[in-house]
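The block underneath contains the structure these notes are about, expressed in structure tokens.
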Amino acid sequence: MAVVNLFYISLLLPPLFLLFLLFLIIRPRPVQIPIKKRHVFITGGSSGIGLALAHQAASEGAHVSILSRSIDKLEEAKNAIKLSAGIDVAIFAADVRDFEAVQRAVDEAGPIDVLIVNQGVFVAQELEEQKLDEVRFIIDVNLMGSFNMIKAALPGMKRSRKDRGPGSIALMSSQAGQVGIYGYTAYSASKFGLRGLAEALQQEVIGDNIHVSLVFPPDTETPGLVEENKRKPQLTSIIAASSGAMKADQVAKKALDGIKSGSFIIPCNFEGILLSIATAGLSPQRSYLMAFVEVVAAGILRIAGLCFQWNWYGSIEKWHVQKN
Ligand SMILES: NC(=O)C1=CN([C@@H]2O[C@H](COP(=O)(O)OP(=O)(O)OC[C@H]3O[C@@H](n4cnc5c(N)ncnc54)[C@H](OP(=O)(O)O)[C@@H]3O)[C@@H](O)[C@H]2O)C=CC1
Ligand SMILES: CCCCCCCCCCCCCCCC(=O)[C@@H](N)CO
């Protein structure tokens, strides 16, 4: 009897040892990012996910600034947040593609504690159909625009860190920034680009107590999605449906919770958690528990990923047969 018990206990040793090892080695170290009474600056904060983030940050007592192009949409957002949270948000009209305009807005807004780079455009189309100007537009707004924003905000964020506690830079990617999807050559490239930017940037700013997050939402009900759906290839919709759809409020809540807990990778739904584990790669991981799950589930999730690809390529084949 005692021998059997000892046998079962010894089975527990390897996972416990692994957990302990991961606990010791995970970097960067865990961190909490407070939101209350801090300056949260959100790009694309006048609509959809960004607007939902602005609402939530304001209702949690943050000082909120939002930046986007249309002044009308900005004022509408400001009034809506005033009405629901009773709080005044600062608004800045600028195109993220225009570095000088972005710099002016950042200077006027004052030192930022939490920068949420959320602006984005998405036009789903086969590359063969898509004009190069549109490809450039998507890359410019989603990727170069994020560089502009971070370049403009970083010096001020660094300078003010000592007296203001940990800072955060969060980037709004997409599940199409974790796996390439039919119709999203330009969009996926722009969102995969954010990941490279984020991984490299985290190493550069860790010494300044600034912590980077990447948010990966599935399809989310926003004005942007309504527009996108008007001319989306059928296959894009079929493949994206593998991960269902969320409401902007739900995505904003996941994003804000993830930012506050200092997570580098922030998935938003169950499929997103699987996808994040399957694509963990060499990204930083602050949670030893998540690191444990990543190590243990890697093989089985590779199989799951291959099953998804099998299913998607099946849809693509069927679609080609029907077309001809
Ligand atoms: N909705 C979805 O299904 C998903 C969205 N995402 C990502 O989430 C983010 C937000 O998307 P969503 O809320 O749906 O988008 P919306 O289209 O609803 O809102 C986009 C926001 O970005 C602003 N914006 C667009 N272009 C620029 C620009 N050049 N300069 C400054 N601001 C700009 C818009 O304001 P204005 O036009 O006035 O400039 C608006 O405030 C995007 O990065 C998107 O890629 C990720 C996964 C799924
Ligand atoms: C190993 C397990 C895998 C788990 C399931 C994977 C499902 C992936 C589906 C990807 C959907 C991409 C939607 C992009 C939405 C978006 O960004 C656009 N609406 C434009 O904004």
Side-chain angles (χ1 to χ4, degrees), residues 42-54 66-77 91-98 101-102 105 116-124 137-138 140-146 148-149 170-184 186-188 190-191 194 214-229 232 236-249 251-252 255 267-280 297-309 311-312:
I42 306 167
T43 69
S46 65
S47 170
I49 297 171
L51 177 58
L53 275 164
I66 57 178
L67 174 147
S68 61
R69 288 168 304 178
S70 152
I71 186 74
D72 292 347
K73 278 201 276 173
L74 281 166
E75 302 215 309
E76 210 178 299
I91 55 175
F92 299 93
D95 190 319
V96 292
R97 289 171 297 174
D98 178 350
V102 166
I116 309 183
V117 186
N118 159 82
Q119 90 291 340
V121 289
F122 29 92
V123 191
F137 171 66
I138 294 170
D140 276 351
V141 174
N142 298 3
L143 188 54
M144 272 317 293
S146 302
N148 287 341
M149 203 49 236
L171 297 157
M172 194 57 66
S173 183
S174 156
Q175 288 182 0
Q178 296 179 296
V179 55
I181 301 286
Y182 186 105
Y184 282 143
Y187 182 70
S188 281
S190 74
K191 295 298 190 183
L194 292 182
L214 268 169
V215 189
F216 294 100
D219 269 340
T220 306
E221 293 162 25
T222 66
L225 184 69
V226 172
E227 242 351 87
E228 180 190 35
N229 281 339
K232 204 180 206 168
T236 308
S237 306
I238 291 171
I239 296 175
S242 320
S243 192
M246 289 178 78
K247 301 213 178 302
D249 281 339
V251 169
C268 297
N269 62 357
F270 178 68
E271 291 82 352
I273 295 173
L274 298 185
L275 192 53
S276 296
I277 299 167
T279 61
I300 195 76
L301 279 177
R302 178 64 182 136
I303 298 179
L306 291 170
C307 291
F308 272 91
Q309 289 291 357
N311 176 257
W312 294 337

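Whatever order the structure lists ligands and atoms in, that order sets their numbers, starting from 1. Nothing fancy with the numbering, it's 1 onward along the sequence.
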For [X], atoms of ligand 1 separated by under 4.0 Å from a heavy atom:
X: Gly224; value: 16 (P), 17 (O), 18 (O)
X: Leu225; value: 3 (O)
X: Asp95; value: 28 (C), 29 (N), 30 (N)
X: Val141; value: 26 (N), 29 (N)
X: Asp219; value: 3 (O)
X: Ile49; value: 5 (C), 8 (O), 13 (O)
X: Gly48; value: 13 (O), 18 (O)

Report yes or no: does a heavy atom of [X] sit under 4.0 Å from some atom of ligand 1?
X: Pro223; answer: yes
X: Tyr187; answer: yes
X: Ser173; answer: yes
X: Gln175; answer: no
X: Ala52; answer: no
X: Pro218; answer: yes

Of [options], which has the heavy atom at the shortest distance from [atom]?
atom: atom 43 (O) of ligand 1; options: Asn118, Thr43, Ile71, Leu53; value: Asn118
atom: atom 5 (C) of ligand 2; options: Phe270, Phe216, Phe122, Phe308; value: Phe308
atom: atom 28 (C) of ligand 1; options: Glu221, Arg97, Arg69; value: Arg69

Using a 4.5 Å cut-off on heavy atoms from C-beta on, say whether the side chain of [Y] contacts that of [X].
X: Phe137; Y: Val121; value: yes
X: Gln119; Y: Arg97; value: no
X: Gln309; Y: Val179; value: yes
X: Ser47; Y: Thr222; value: no
X: Lys232; Y: Leu225; value: yes
X: Ser242; Y: Trp312; value: yes
X: Ser243; Y: Asn269; value: yes

Quick one: look up the protein heavy atom nearest [atom] and list residue, atom name and how far away it is.
atom: atom 15 (C) of ligand 2; result: Asp219 OD1, 3.2 Å
atom: atom 44 (C) of ligand 1; result: Phe122 CE2, 3.4 Å
atom: atom 18 (C) of ligand 2; result: Tyr184 OH, 3.0 Å
atom: atom 18 (O) of ligand 1; result: Ser47 OG, 2.7 Å
atom: atom 11 (C) of ligand 2; result: Ala240 CA, 3.8 Å
atom: atom 22 (O) of ligand 1; result: Gly44 CA, 3.3 Å
atom: atom 14 (O) of ligand 1; result: Thr222 OG1, 2.5 Å
atom: atom 35 (O) of ligand 1; result: Ser68 CB, 3.4 Å
atom: atom 33 (C) of ligand 1; result: Gln119 CB, 3.8 Å
atom: atom 14 (C) of ligand 2; result: Ser174 OG, 3.4 Å
atom: atom 9 (C) of ligand 2; result: Ser243 CB, 3.7 Å

Shortest non-hydrogen contact from [X] toward [Y]:
X: Ile66; Y: Gly45; result: CD1-O, 3.6 Å
X: Ser276; Y: Gln178; result: OG-NE2, 3.1 Å
X: Leu51; Y: Ala77; result: CD1-CB, 3.6 Å
X: Asp219; Y: Tyr184; result: OD1-OH, 4.5 Å
X: Ile138; Y: Ser190; result: CG2-OG, 4.0 Å
X: Leu194; Y: Asn142; result: CD2-O, 3.6 Å

Handout entry: Inter-residue atom distance Thr236.OG1 - Asn229.CG, 0.5 Å rounding
Key =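 Reported to 0.5 Å precision, the distance equals 10.0 Å.
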Practice task
Mind checking the OG1-CG spacing from Thr43 to Leu53? Nearest 0.5 Å is all I need.
Solution key: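 Rounded to the nearest 0.5 Å, the OG1-CG separation comes to 10.0 Å.
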Can you check whether [X] has an N/O within less than 3.5 Å of an N/O in ligand 2?
X: Tyr187; answer: yes
X: Glu271; answer: no
X: Glu228; answer: yes

Handout entry: Partner of Leu171 by side chain to side chain contact (heavy atoms under 4.5 Å, CB included), out of Val215, Leu214, Asn118
Key =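 Only match with Leu171 under side chain to side chain contact (heavy atoms under 4.5 Å, CB included): Leu214.
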Could you tell me whether some N/O pair between [X] and ligand 1 is separated by less than 3.5 angstrom?
X: Ser174; value: no
X: Leu67; value: no
X: Thr220; value: yes

Handout entry: Verdict with supporting geometry, Ser46 and Glu76, side chain to side chain donor-acceptor pair (under 3.5 Å)
Key = CA-CA 8 Å; Ser46 65; Glu76 210 178 299; over 6 Å; no
Give the atom numbers and elements of ligand 2 that come within less than 4.0 Å of a heavy atom of [X].
X: Leu301; answer: 1 (C)
X: Leu225; answer: 19 (N)
X: Gly305; answer: 1 (C)

Practice task
Examine the proximity of ligand 2 to Gln178 and report which part, side chain or backbone, both or neither, has a heavy atom under 4.0 Å away.
Solution key: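 Neither part.
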Look at the side chain of [X] and the backbone N and O of [Y], then say whether any donor-acceptor pair between them is shorter than 3.5 Å.
X: Glu271; Y: Gly244; result: no
X: Asn148; Y: Val96; result: yes
X: Thr220; Y: Met246; result: no

Exercise for the section: Would you kindly specify which portion of Lys191 sits under 4.0 Å from ligand 1, judged on non-hydrogen atoms: side chain, backbone, both or neither? Expected result: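 Contact part for Lys191 vs ligand 1: side chain (C-beta onward).
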Problem - Residue part near ligand 1, for Ala94, under 4.0 Å between non-hydrogen atoms - result: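 It is the backbone that gets close, since no side chain atom is under 4.0 Å.
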Practice task
Evaluate whether atom CD1 of Ile300 has more than 12 neighbouring non-hydrogen atoms of other residues, nucleotides or ligands under 6.0 angstrom away.
Solution key: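 It does not: Ile300 CD1 has 12 such atoms or fewer within range.
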